[in-house]
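A quick write-up on the structure given underneath.
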Amino acid sequence: MTSPLTSRFPYPAGSDGSRRLGYGADYNPEQWPREVWEEDVLLMREAGVNTVSLAIFSWARLQPDADSWDFGWLDEIMDLLHAGGIGVDLATATASPPPWLTAAHPEILPVTASGETLSPGARQHWRPTSPVFRTHALRLVRELATRYGNHPALVAWHVNNELGCHNVYDFSDDAARAFRGWLRTRYTTLDALNHAWGTAFWSQRYSDWEQILPPRLAASHPNPTQQLDFKRFSSDALKDHLRAERELLRELTPQTPVTTNFMVMPGTKGMDYADWADSGLVDFVANDHYVVPGPQDRDELSFSANLTSGIAGHRPWFLMEHSTSAVNWQPVNTPKRAGELAGDSLTHVAHGADAVCFFQWRQSAAGAEKYHSAMVPHAGRDSDLFRAVVELGATLDALAPIAGSVREQARVAILFDWDSRWASEQDSHPTSLLDYHQEALDWYSALLALGIRCDVVTRHAGDLSAYDVVIAPVLHVVPAALAKDLTRYAEGGGHLVTTYFSGVVDENDHIWLGGYPGAVRDLLGIRIEEFGPLPDGESVALDDGTSGTLWSDRITRTGPDVEVLARYSTGLYADLPAVTRRTTGSGSASYVSTRLGAEGLTALLPKLLAPAEVVSELPASARGLVETVVRRDDTHRYLFLINRSEAPVGLPELSGDVLTGSAPTVAPGSVTVLRQPLH
Ligand code: GAL
């Protein structure tokens, strides 16, 4: 299936009318007195800012009470920005309901699994399924669209903000009602639901739809399929809100593209963005990303940007938020090091971001985010941070030629799947330590260490056969149709690699019987009777020198066409296979039964990639030190060289015009972009 995204990307125009990359921030002028606004526009021009997101948290200012509106200030700021040549991604302002609304209608407040109603006083305190909230939100959207639909500063609509950031799981009565409706559509009959949920277990059989509830706090583990369906439903409920705002905007201002900012990053699990994008609800994908410092933080940024590109169908996407320096919401909020602001930004650009924006323009003087960095810090214009912001503006200007180019497809893909992510991490499993995202990231880190480009794709991405190698870590949920697709892929010459706890259940979270991994047992040519999860801190050695944690399997080979690539040398399954490969015609299907971590996978991967003859395109001296990403248009390839190391890396072999950075030596932590003609 190909994504129906139309990619009506709001490119700013240069003075000669050519496309530029977007650059800017969330802009919250309502936090500042009028006299600051003009200085803001002057500083934005100095920094090269051409796009801002406006009015995201302005509901209380725009609608001071149920029956009055105050648009004067927004009229003025829209005009000021337009006069300054700055386009506006105008928010629908529905993210944070004002106190008058929650006081009059406390029934819009979300309820936790244990029945506590969340109070107003922060933000996003609304139930995705509340009809009362929906009515008030759409009324605001209508007012804004009618008033600003033809304003010359308007370049895009920004629906709500980070839908689901704080309110994805709501267990209220509204949610219960909507969940029942969603289940009726999915299952049609109660019999089908009872079967799917396996309600013969623990006397859970439903005899009336009204008996069904969200998985609220219960005496023991709630029904797993109920939990999985509630996750699917909760993602859909927010998608439904997005659809409602979008449809109204589309009706009133059909000429203006609509987006909403996704949060493709490790901690955000609740929203299936691949599905949202595939539903055609955004005209271009926008993403927010924040780095959480840690040993794999550079790799994680690249992984998230790469996955965002996958979600966007490899079309250009919009980096709506990241930080210039420290955030305010970690236990310790360290500043970015010199060069990181640019390095982070350009890594997103490498992976397809055609706009780079920050949270936020001017650092707040009050409120919960006053210690969160911004483009204009508390110290003001005379600061290293603002100088770095101005410098990045100039760099993005120099990169204008890449606007509209798309990522060149890699030969290797990592498949990322929300259903498997949700289902594999549920309770009552062989282990509670499994981390779906971490496993996927480890494979990505290993590919980076080997200098091999890869695409992170989702099941909505279209035909897997475009890739020579598909790595599907912890592909836990495998419906029959997917099992067929994977088999066809491998039999058609593709090389599939999968891991522990893959192919175990169907879409209802029912075990594929007859020995694990039932859905792909024949394809892999193995059979597992029992899992051997490893306690925290325990590991098993493999005879190739690597070691595994988290998981092990007692594998029996079921055919002569299955070779053993590595065996356990210690633990319960010593001498038995740990990594296998079955040859299927011109393709193959490999299985890795333990968690090897990034280092172990780096050692193993060359063996797994060998049948596809995938090797690094980089000279040996640069592998692991430089990440390469390629974008291209009809006339050129744009080679991004991201130096991930602490030392300069020389790449004299590579040719091309230098659009930014330094060549042939790429400075530590920096990014060089070379333009190479295609013909
Ligand atoms: C995002 C949000 C912004 C701001 C930012 C701080 O989640 O959209 O409004 O709160 O985080 O990092």
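Note that ligands are numbered from 1 as they come in the structure, with each ligand's atoms numbered from 1 the same way. Heavy atoms only: backbone and side chains are in, while hydrogens, waters and symmetry mates are out. By convention here, the first residue in the shown sequence is residue 1.
The nearest heavy-atom contact from the protein to atom 7 (O) of ligand 1 is E162 OE1, 2.3 Å. E321 OE2, 2.7 Å is the protein heavy atom nearest to atom 8 (O) of ligand 1.
Stacking of R216 on the aromatic ring of F171 is not recorded, the 6.0 Å distance cut-off and the 45° axial limit not both being met. With W422 as the aromatic partner, R232 does not meet the cation-pi criteria of under 6.0 angstrom to the ring centre and within 45 degrees of the ring axis.
Neither the backbone nor the side chain of M263 has a heavy atom within less than 4.0 Å of ligand 1. The side chain of N161, and not its backbone, has at least one atom closer than 4.0 Å to an atom of ligand 1 (non-hydrogen atoms only; side chain from C-beta on). Under 4.0 angstrom from ligand 1, the non-hydrogen atoms of H372 all belong to its side chain.
Here the CG atom belonging to L307 is positioned 11.0 Å from the CG atom belonging to L441, to the nearest 0.5 angstrom.
Annotation for ligand 1: atoms under 4.0 Å from non-hydrogen atoms of W329 are 6 (C), 12 (O). Heavy-atom proximity to F57, at under 4.0 Å, picks out these atoms of ligand 1: 9 (O). Taking every heavy atom of F359 and a limit of under 4.0 angstrom, the matching atoms of ligand 1 come to 3 (C), 4 (C), 5 (C), 6 (C), 9 (O).
Centroid-to-centroid, the aromatic rings of F416 and Y436 come within less than 6.0 Å. Ring-centre distance between F133 and H105: not below the 6.0 Å cut-off.
Checked by atom type and distance alone, the side chain of W37 pairs as donor or acceptor with a backbone atom of P29 at under 3.5 Å.
Classification of E340 and R337 as a salt-bridged pair holds, one side-chain N sitting under 4.0 Å from a carboxylate O.
Comparing heavy-atom distances from atom 9 (O) of ligand 1 across E369, R123, H166 singles out R123 as nearest.
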